[in-house]
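Structure first, then comments.
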Amino acid sequence: MERFASLLEVKTPAQLEAMAREARTLTRRNFGRTMRMFAPLYVSNECVNNCSYCGFSRDNTSIMRVTLTIDQVVKEARHLVDQGFRNILLVAGEHPKFVSNGYLEECIRAIRDFVPTIGIEVGPMEAPEYERMVQAGCEGLVVYQETYDREIYKDMHTAGPKKDFDWRIACPERGYEGGFRRIGIGALFGLSDWRLEALRLAAHLEHLNKHCWKAWFTVAFPRLRPAAGGFQPMTDFPDWALVQTICAFRLVFPEVGIVLSTREPAPLRDALAPLGITSMSAGSHTEPGGYTGAGSDDLHQTVKGRRVDLTERDDKAKAEGQFGIADERSPAEVAAMLSKQGLDAVWKDWDASILSAA
Ligand code: SF4
């Protein structure tokens, strides 16, 4: 942790350049010239929590909401498979009525035969519930703490079960107990001082590496993006700081996966790709049904946990997205960019038969 903290100190451009060179070399040594590709598949934007920075917040009562049927989830997943993806992250707000554990299990079972790598980014669960997800065919869990600053966490999360900081921070360990072999953690940058946030994230990773040593961890540093509700970042996390954070993690944790989403604009993603990033999303939509238009016939609003049907039908209406996307290139365009940089886009790196053969 001392070394990590020293890497986050103020650097000259030459020192930052040297860190970037070392990060690039370490990434090649540990991951080769590869980039794992994945796509988020939003299944529901219903949520009982109020998170000030998120478009799906409970109090955003005017937004269009929908929870996809299982057939619609399959339709969206098949569309992503047609685009090349074999690694899909199912994402949902936290709403036990609309997004029950049984529903998520059904989603996983419905796509597992044609999607070899399935992850979930949904409301935290107990370990036995995670075990059911794993048994259904899911192997990746993503849960970001958002901020490791308890005071700011309290201010940002004003209603719903997410208010409980400790319940959330223990989530990766419950996921590990439930059998997940790939676990993603991260913080939402723009809520508190970036150096402290990165330091606490590194401490969390160090702790998990010791206590959950059979799992493979990834980290992410998503920056706040525009979302319904109009929340503005509270702190600055400029591009150079993002570069320094990626390099610091790579230098201290050479084998950890680092994820970069389409929140970042195309030119920056292109520059960051060879530095330390190991997983990228592409062509993403953050609204349920965003890839195929599925679910648009069931749009409604949700007020105080109750569905409110629309009085008039608007054929152009869409479900609200969680946040705005900055890199709108297609998966093929992103793969071509990677190829130009000498990196291979890896669409499939896992198959259940690997375990059955063992
Ligand atoms: S961040 Fe997650 S829990 Fe919070 S409002 Fe958005 S979807 Fe719900």
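In each ligand, atom 1 is the first atom listed, and ligand 1 is the first ligand listed.
Between T218 and G184, the shortest heavy-atom distance links the atoms OG1-CA, 3.2 Å.
Counting only protein N, O or S atoms, 1 lie closer than 2.8 Å to atom 4 (Fe) of ligand 1.
Using modelled atom types, one finds a donor on one side chain and an acceptor on the other under 3.5 Å when comparing E46 with H300. For the 3.5 Å distance criterion, the side chains of H207 and E173 qualify, holding a donor opposite an acceptor. Side-chain N/O atoms of E287 and Y42 include no donor and acceptor closer than 3.5 Å.
Under a 3.5 Å cut-off, the side chain of S100 and the backbone N or O of P96 do not form any donor-acceptor pair.
In the hydrophobic clustering (ILVMFWY side chains linked at under 4.5 Å, chained through shared members), V346 stands by itself.
The closest approach between a heavy atom of R58 and any atom of ligand 1 is not below 4.0 Å.
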